[in-house]
Amino acid sequence: MTTMAFPIPRPTHPTGIWNWITTIDHKKIGVLYGVTAFILFLTGGIEALLMRIQLAGPNQDIVSAEIFNQLFTMHGTTMIFLAIMPLSAAFFNFVIPLQIGARDVAFPRLNAFSYWTFLAGAIILKISWFTGGATNAGWFGYAPLTSVQQNPGTGIDYWIVSLQVLGIASLAASFNFLVTIINMRAPGMSFMRLPLFTWMTFITNILIVLAFPVITVALIELYFDRSFGMNFFNVARGGDPVLWQHLFWVFGHPEVYILILPAMGIVSEILPTFSKKPLFGYPAIVLAGAIIAFMGWMVWSHHMFTVGLGPIPVTVFTITTMAIAVPTGIKVFNWMGTMWGGSMDFKTPMLYAIGFVAMFTIGGISGVMHSMASSDAQQQDTYFIVAHIHYVLFGGAIFAIFAGIYYWFPKITGRMYSETLGKINFWITMVGFNLAFFPQHFLGLDGMPRRIYTYDASMGWNLWNGVSTAGVIILAIGILIFMHNIVKSWRKGELAGGDPWDGRTLEWSIPSPPPEYNFAEIPTVYDRDDWWARKRREVRRGVPVAGGSGEDEHHDIHLPQPSYWPLVVAIGLFIGGIGLVYPVGMYAISMVGVFIGTVAVYAWSFEPVNDPEEGEQAAH
Amino acid sequence: MLKSAVILNKLAGVVLLGILTALLTGCTTIINPQNPQSTFDTLGPVAENQLFIFWVIFFAGLVVFIFVEAALLYMVFKFKRREGDGDPAQTHGNTRLEIAWTIAPVIVLVVAAVPTVQGIFYADAGRYISANYQAAADEGRFLEVDVIGHQWWFEFRYPHPTNAGEQIAVANEMYVPVGEPVVFLLDSVDVIHSFWVPKLAGKVDMIPNNDNMMWFEAYVPGEYFGQCAEFCGVSHANMRFKVVAVARDEFDRWLLHQANPAAEPSDPLAAQGKKLFRDAGCSGCHADSNSVIKLRDDGSRIPGRTGPILNHVATRLNHLGMFRNSDVDFEDASGRRLYINSQGMPADVTTGRSFINESMLQANLKEWITDPESLKPGNLMARDGEPYIDPANELTEVEIDALVAYLMTLK
């Protein structure tokens with residue numbers, strides 16, 4: 001068989017910028033995700049800082065009402081879709097293949113495609129600041145505020161297109177990780193031996209695969225309403241704005257768990273490592289994660305308790321929401337059981353992980369308070385909710401992400417971060433965070449609604465708003481110290497060695513940073529926490545069981561080759577998306593994007609194999 | 001490095017304890033129920049019930065909070081790794097313990113669910129109406145008020161006390177009879193808003209084409225702050241209103257007065273303002289003399305004009321529902337309070353003088369007409385109003401004074 005003549009050979013750039021652009025190495029893509037998402041996290045932080053400065057005192061005029069509304073909409077959208085989700089994805093990418101004893105993900109080029117498509121979506125959202133105003137209808141985009149009559153500018157269109165493009169990125173990544181976790185586990189790595197982070201990633205990606213289609217449909221309907229005069233949400237023509245709310249929250253509530261389950265996974269790795277004890281009640285924690293994910297689909301209307309659904313539905317959603325507190329509680333108690341009687345070493349990752357348990361508990365308790373629909377009628381859409389989501393998403397997700405960054409930093413870079421700076425960073429962040437968000441509980445109970453750009457001095461909200469702003473500034477200092485620590489240590493930290501933490505899972509069994517091929521020999525797994533068991537020469541309790549790829553160990557190492565095409569497809573999506581915002585000349589710009597994307601998909605499919613050995617095999 | 005880390009750890013512990021103490025004391029002293037929108041100063045049965053449920057779950061949550069955080073602190077000190085420590089005992093779990101901490105929260109939640117579900121049904125207006133319909137019908141007194149959201153003001157429509165099939169419209173400030181349940185039928189003409197008077201009841205959204213309802217009752221006479229609680233566009237923050245609760249007979253006087261047109265202006269400047277009100281285009285969106293709007297034959301509501309009704313604008317205690325027109329508090333330390341005098345006007349109970357401070361009202365009106373955009377960014381009047389978009393039709397200082405003088409006669 002002759003190889004098809006192909007004009008563009010596969011790229012071979014061992015180093016430099018082209019190496020990063022064409023890489024399909026899961027570790028490098030993980031780093032790309034992490035760095036990009038962290039920069040976007042900073043942009044969301046600046047948006048938050050501007051809002052807090054505006055609200056530091058009553059009747060201030062630092063930003064206009066219109067800009068303020070864009071700020072909080074962009075802040076929410078950015079932090080959820082461009083910061084926490086891709087930061088989690090960074091860990092999926094870097095850690096999952098290492099934890100399951102694989103050499104890469106199942107579809108390496110698809111993985112690169114996910115990253116570049118995510119970047120395209122992020123750029124589409126962020127450039128809307130400079131194209132005549134960003135979206136300003138809240139991250140939840142309630143109809144009819146998003147209608148073309150109410151919102152004739154392009155901000156909403158940018159938002160729709162960006163979320164669609166990000167959805168493609170998320171879905172591609174999720175299928176990739178599901179297939180990877182199901183098919184590429186090392187021999188003996190049965191599901192009940194999976195590290196907890198891998199388990200939570202698995203569950204999270206199931207949620208993404210099921211939840212994103214719902215928001216996709218809702219956004220298409222909204223786009224059709226705006227662009228083609230359809231009437232899904234148009235009240236004047238019999239549409240129903242409440243339909244949007246149902247669609248949005250059927251996606252939006254599982255999304256909450258998409259944000260928090262990876263964080264729970266990270267913490268479930270760190271607590272055992274730094275307590276030198278196995279995870280307490282591993283099966284219960286896994287099961288609790290699965291139950292949370294399943295029940296996450298039954299609680300969406302608790303975001304709509306004041307919509308007037310009627311007492312029966314409100315009662316049902318009150319009870320399902322209260323019930324979801326039970327598996328969440330199981331996790332918290334099991335984490336405490338893990339630490340109990342342990343030998344706890346308060347390295348920075350551990351501090352952040354304990355901080356996570358402490359802060360997430362507060363967010364969880366206020367969450368249960370919101371589940372009580374009748375008292376929630378006073379809290380809905382007030383700063384009490386703002387406090388709650390920040391305890392869950394900052395004190396929860398972001399704390400866990402910081403814990404994860406510090407934990408895996410030596411593995412990623414081969415170097416150790418500064419422990420002193422790490423501890424300073426933790427305590428400043430902890431103090432700043434609580435100062436910023438705890439008083440918002442008081443503000444909410446004092447009747448301060450969310451999403452207001454100004455308030456009157458007579459309302460009694462001056463003190464706590466001032467304190468909250470001061471807290472955010474301290475928080476920002478904490479973030480700066482974090483950045484300083486990471487940048488400095490990346491360049492000239494002490495060498496870390498392969499297993500600086502006396503780790504438990506397979507990623508610690510290989511050098512830091514891991515070689516391109518990860519494992520010289522695919523390990524055979526006999527135990528949960530296999531690496532720890534191997535080090536402690538524990539009697540092998542288990543025997544290898546069926547499961548995992550069972551890859552032939554005596555083969556030479558195959559590595560997937562770099563490729564241009566994932567990036568080109570993403571560029572096609574970017575141009576196609578922009579064309580949906582500016583539908584000039586029968587969507588001419590979109591057509592260009594579709595053309596580029598289609599060509600690139602074909603090129604991707606017919607890409608020559610550039611691996612001499614693979615070529616040899618094909619010749620046989 | 002090691003030493004500094006130890007000091008840091010100690011310091012951190014102290015700081016953490018300090019913060020916890022500050023927060024706990026803060027909770028008890030810093031939330032001030034006197035604040036105008038505090039949810040802790042419940043002055044009606046619905047808000048009272050909601051606060052009760054809040055306390056139930058708050059104390060349950062507090063127990064969990066103290067248990068978890070105290071256990072964490074204990075473990076941090078007790079199980080800290082020390083030099084030369086070996087591996088601790090490798091426990092993998094404890095089934096009994098795990099079952100216990102699964103069942104315990106279930107019990108707490110089941111207990112908390114009982115008053116919550118009762119509360120959900122208690123606050124439900126539909127149920128309230130059907131349960132009390134007969135009694136109310138017998139008494140002939142069952143006040144139902146239409147509340148209509150606009151970007152960014154509230155319209156209230158009362159049933160006309162004598163003329164069936166007619167409604168009386170007011171804007172941004174509503175009166176209710178004290179000690180009587182009032183039912184609100186919530187609607188919106190544009191986007192979703194939310195009707196919220198924290199001291200009287202939790203919020204219910206006002207959604208176009210969705211017939212939402214709520215009810216509340218005010219125990220004591222007073223002026224209650226309300227604010228839109230669902231993000232509704234540029235000036236969401238400025239969508240505020242007031243609820244004034246007065247005795248039933250005073251309420252009746254007030255309502256009847258609102259139904260009548262205000263007296264014809266005698267002052268020449270005001271008369272000029274009245275003419276200008278039409279010539280400058282104000283009357284295109286604002287009704288200035290007639291508050292009564294007929295219902296359609298099928299009982300459905302006829303939309304009013306685009307802007308807030310201005311008949312009796314000079315009787316409102318607050319301008320735009322947010323700026324005081326009065327320098328007197330509804331109720332001060334000596335117990336003096338507002339009442340509705342025989343002319344249907346808010347007046348001081350001891351002196352009988354009008355409650356409205358004329359110069360405050362004048363300044364408020366003038367500020368608004370001069371530059372509405374700065375007070376309510378994005379409002380339709382500044383966006384589409386002829387005098388504000390066409391420089392040729394811009395209002396002169398004299399014209400503004402005339403308009404203000406006219407509006408001040410709308411008592």
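What you are looking at is a predicted structure, and each value in this text was computed from that prediction instead of being measured. Residue numbering restarts at 1 for every chain, and letters A, B, ... go by the order of the sequence lines.
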Enquirer: Below 4.5 Å, heavy atoms only, C-beta onward: do A:Arg451 and B:Glu230 meet side chain to side chain?
Expert: yes

Enquirer: Check for a donor-acceptor pair, side chain of B:Arg81 on one end and backbone N or O of A:Ser343 on the other, with a separation under 3.5 Å.
Expert: yes

Enquirer: Against A:Asp446, only a single residue in B:Thr39, B:Asn35, B:Asn32 fulfils side chain to side chain donor-acceptor pair (under 3.5 Å); can you say which?
Expert: B:Asn35

Enquirer: Checking the side chain of B:Lys203 only, and the main-chain atoms of A:Ala377 only, is there a donor and an acceptor separated by less than 3.5 Å?
Expert: yes

Enquirer: Measure the shortest side-chain to side-chain distance between B:Asp190 and A:Pro144 over non-hydrogen atoms and say whether it is less than 4.5 angstrom.
Expert: no

Enquirer: What part of A:Leu435 lies closer than 4.5 angstrom to a heavy atom of chain B: side chain, backbone, both or neither?
Expert: neither

Enquirer: Which atoms of A:Phe305 come close to chain B, meaning under 4.5 Å heavy atom to heavy atom: side chain ones, backbone ones, both, or neither?
Expert: neither

Enquirer: Go through A:Gly138, A:Gly310, A:Gly341 and name the one with the most non-hydrogen pairs under 4.5 angstrom from chain B.
Expert: A:Gly341

Enquirer: When you compare the side chain of A:Tyr453 with that of B:Pro377, does any pair of heavy atoms fall below 4.5 Å?
Expert: yes

Enquirer: Under a 4.5 Å heavy-atom cut-off, does chain A meet the side chain of B:Ala112, its backbone, both or neither?
Expert: both

Enquirer: Which answer fits B:Phe225, side chain, backbone, both or neither, if we ask what part of it has an atom under 4.5 Å from a heavy atom of chain A?
Expert: side chain

Enquirer: At a heavy-atom separation under 4.5 Å, does B:Leu97 approach chain A through its side chain, its backbone, both, or neither?
Expert: side chain

Enquirer: Let's test your reading of the structure: which of B:Met322, B:Met239, B:Gln151 forms the most heavy-atom pairs below 4.5 Å with chain A?
Expert: B:Gln151

Enquirer: Between B:Val76 and chain A, which part of the residue has a heavy atom less than 4.5 Å away: side chain, backbone, both or neither?
Expert: both

Enquirer: Is there a donor-acceptor contact under 3.5 Å from the side chain of B:Gln37 to the main chain of A:Gly447?
Expert: yes

Enquirer: Output yes when a side-chain donor or acceptor of B:Gln227 lies under 3.5 Å from a complementary backbone atom of A:Pro449, and no otherwise.
Expert: no

Enquirer: Counting heavy-atom pairs under 4.5 Å with chain B, which one of A:Pro272, A:Ala323, A:Gly308 comes out on top?
Expert: A:Gly308

Enquirer: If we only count heavy atoms from C-beta on, is the A:Val314 to B:Asp124 side-chain gap below 4.5 Å?
Expert: no

Enquirer: With only heavy atoms counted, which part of A:Gln149 is less than 4.5 Å from chain B, the side chain, the backbone, both or neither?
Expert: neither

Enquirer: Which bit of A:Phe140 comes within less than 4.5 Å of chain B, counting heavy atoms only: side chain, backbone, both or neither?
Expert: side chain

Enquirer: Could you tell me if the ring centre of A:Trp340 sits under 6.0 Å from that of B:Tyr74?
Expert: yes

Enquirer: Pick one of side chain, backbone, both or neither for A:Gln245, based on which atoms fall under 4.5 Å of a heavy atom in chain B.
Expert: side chain

Enquirer: Name the region of A:Ile452, side chain, backbone, both or neither, that has any atom closer than 4.5 Å to a heavy atom of chain B.
Expert: both

Enquirer: Are any side-chain N or O atoms of B:Asn209 and backbone N or O atoms of A:Asp240, one a donor and one an acceptor, separated by less than 3.5 Å?
Expert: no

Enquirer: With a 4.5 angstrom heavy-atom cut-off, could you sort out which part of A:Thr338 is near chain B: side chain, backbone, both or neither?
Expert: neither

Enquirer: Considering only heavy atoms, which portion of A:Asp345 lies under 4.5 Å from any heavy atom of chain B: side chain, backbone, both, or neither?
Expert: both

Enquirer: So, A:Gln378 and B:Trp196: side-chain donor and acceptor under 3.5 Å apart, yes or no?
Expert: yes

Enquirer: Is chain B contacted by the side chain of A:Thr315, its backbone, both, or neither, given a heavy-atom distance below 4.5 Å?
Expert: both

Enquirer: Hey, does A:Leu145 have a side-chain heavy atom less than 4.5 Å from the side chain of B:Ile192?
Expert: no

Enquirer: Without swapping roles, check the side chain of B:Gln90 against the backbone of A:Lys276 for a donor-acceptor pair under 3.5 Å.
Expert: yes

Enquirer: Need one label for B:Ala89: side chain, backbone, both or neither, based on atoms under 4.5 Å from any heavy atom in chain A.
Expert: backbone

Enquirer: Sort A:Trp335 into side chain, backbone, both or neither according to what part of it lies under 4.5 angstrom from a heavy atom of chain B.
Expert: neither

Enquirer: Taking the six-membered ring for Trp, are B:Trp101 and A:Phe333 parallel (under 30°), tilted (30 to 60°) or perpendicular (over 60°)?
Expert: tilted

Enquirer: Taking side chain as everything from C-beta outward and backbone as N, CA, C, O, which of these in B:Ile207 sits under 4.5 Å from a heavy atom of chain A? Side chain, backbone, both or neither.
Expert: side chain

Enquirer: If you count heavy-atom pairs under 4.5 Å between each of A:Ala373, A:Gly342, A:Ala65, A:Ala137 and chain B, which one has the most?
Expert: A:Gly342

Enquirer: So, do A:Ile319 and B:Thr116 sit near enough that their side-chain heavy atoms are less than 4.5 Å apart?
Expert: no

Enquirer: Which region of A:Glu66, side chain (C-beta onward) or backbone (N, CA, C, O), has a non-hydrogen atom less than 4.5 Å from a non-hydrogen atom of chain B, or is it both or neither?
Expert: both

Enquirer: Heavy-atom distance under 4.5 Å to chain B: side chain of A:Ala236, backbone, both or neither?
Expert: neither

Enquirer: Which bit of B:Ala60 is near chain A, if near means a heavy-atom gap under 4.5 Å: side chain, backbone, both or neither?
Expert: neither

Enquirer: Given that the side chain runs from C-beta out, which part of B:Asn94 has a heavy atom under 4.5 Å from chain A: side chain, backbone, both or neither?
Expert: both

Enquirer: Kindly assign one of parallel, tilted or perpendicular to the pair B:Phe54 and A:Phe384, based on the angle between their ring planes and the thresholds 30° and 60°.
Expert: perpendicular

Enquirer: Between B:Ala104, B:Ser38, B:Cys228, B:Pro33, which shows the greatest number of heavy-atom pairs under 4.5 Å with chain A?
Expert: B:Ser38

